[in-house]
Amino acid sequence: MACLRSIAPDIHYVGAVDWNRRLFDALIPLPDGTSYNAYLVKGSEKTALIDTVDPSMWHLMDQLLDKSCTAGLDYVVIQHCEQDHAGSLPLVLKKFPSAKVVCNKACKDLLIAHLHIAEERFELIEDGGTLSLGNRTLLFKNTPWVHWPETFVTFLREDKILFSCDFFGSHLASSALFFEAGDQSFYEPCKRYFAEIMLPFRKIIQKNMDIVRELNPLMIAPSHGPIFKDPSMVMGAYAQWIDEDQADEVMVAYVSMHDSTRLMAEELVQKLMDRGLKVKVFDLVHADLGKVAEALVDAKVLLLGSPTVLAGAHPLAAQAAFLVNALRPKIRYAGVFGSFGWGGKMVEQIAGMLSGLKLELLSPVMVKGLPRREDYQQLDAWADQVVEKIKL
Ligand code: FEO
């Protein structure tokens with residue numbers, strides 16, 4: 001029989017740690033696993049469950065609910081419809097036939113579409129609405145686009161605990177329930193998570209941060225990764241990551257087939273380092289996509305290298321350009337470099353793939369075959385240009 005872990009009196013952790021998951025959304029690598037956090041909040045009159053777990057982990061949650069819900073369950077608050085939080089909802093509703101699903105209208109529509117939840121099971125809440133559990137009160141605030149349109153957070157007023165769902169989360173499997181105050185180990189997994197999930201929504205996150213600041217929580221309990229005993233740690237980091245002016249690095253990402261592009265990349269990186277610039281470098285054949293995304297948080301300049309393949313970019317370079325365009329980072333300048341044998345439209349193709357970004361394209365550096373002395377001189381001039389752009 002499972003034992004209960006509590007984050008405060010009568011507030012139990014009923015989620016699950018997924019130590020072995022290695023991929024999310026069939027795209028995002030999870031080198032450190034993840035967790036699906038769910039919380040049971042008991043009031044003097046009613047009991048509410050906040051979020052569920054990925055269905056693959058239902059057997060663990062089932063045991064914890066058996067242990068913690070001996071007096072039944074009145075409400076299931078679903079803050080976000082994605083399967084890792086809402087996926088076990090049908091099983092919870094089957095286990096507790098009188099429990100109501102508490103969510104906003106947008107979330108209800110998605111839950112009906114994705115999970116076929118019956119209309120009569122819902123109890124809708126408005127932005128700023130409350131739900132009394134007796135001696136405890138849940139306050140709901142819509143926080144759209146962290147990271148779906150229906151997402152909201154739940155504030156437990158009396159305890160000043162914010163249940164923030166994906167907002168402030170991290171894909172980190174850990175036996176630790178908390179990031180203790182001052183523990184900086186949160187930074188890397190939270191930044192990676194921010195880069196992969198939140199980066200495109202920076203401007204809206206700014207508004208959502210204001211909502212959280214106004215609530216002034218004593219504790220932030222996200223739905224992935226450990227709980228923050230000191231919310232200022234992660235909120236301070238988010239403030240830095242969403243700041244449009246805080247990006248001063250050069251990202252060099254390249255793929256090479258027969259070494260011409262690799263030689264150019266290596267020469268370029270050396271020249272950039274010689275000029276004192278902060279550079280992050282990725283050979284796209286071996287790169288961890290999460291690390292690439294993380295580097296985008298701090299990148300002001302992107303230099304993307306590729307050989308010409310079938311008159312266009314190498315597919316790995318095209319994939320990188322597609323992801324950069326989709327994640328909408330702070331990048332203000334981009335340049336394409338690489339090699340060709342007999343022509344092609346690689347530069348135009350990559351430029352088109354980055355068209356969703358408001359950035360200035362540098363003149364490309366394209367080399368026929370293996371680079372020569374004059375090509376390296378061109379890269380030298382390019383590095384000078386990058387220095388000027390970084391200073392702007
Ligand atoms: Fe953790 Fe958007 O789901």
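The residues of the chain are indexed from 1 along the displayed sequence. In listed order, ligands and their atoms are each counted from 1.
- For an aromatic pair to be called close, the ring centres must be under 6.0 Å apart, and Y36 with H85 fails this.
- Crowding of R372 atom CZ: a count of heavy atoms from other residues, nucleotides or ligands under 6.0 Å not exceeding 12.
- Listed by first then second residue, pairs satisfying side-chain hydrogen bond (donor to acceptor under 3.5 Å, both in side chains) with a partner in residues 292-318 read K191-D298, not counting sequence neighbours.
- Of the options F194, F201, F228, a ring pair (Phe, Tyr, Trp, His ring centres under 6.0 Å) to Y238 is made by F194 and by none of the others.
- Inter-residue side-chain proximity for Y333 and L359 is flagged as unmet; no heavy-atom pair is nearer than 4.5 Å.
- Here atom 1 (Fe) of ligand 1 has protein N, O or S atoms under 2.8 Å from it, and they come to 4.
- Environment of NZ in K160: crowded, with over 12 heavy atoms of neighbouring residues, nucleotides or ligands closer than 6.0 Å.
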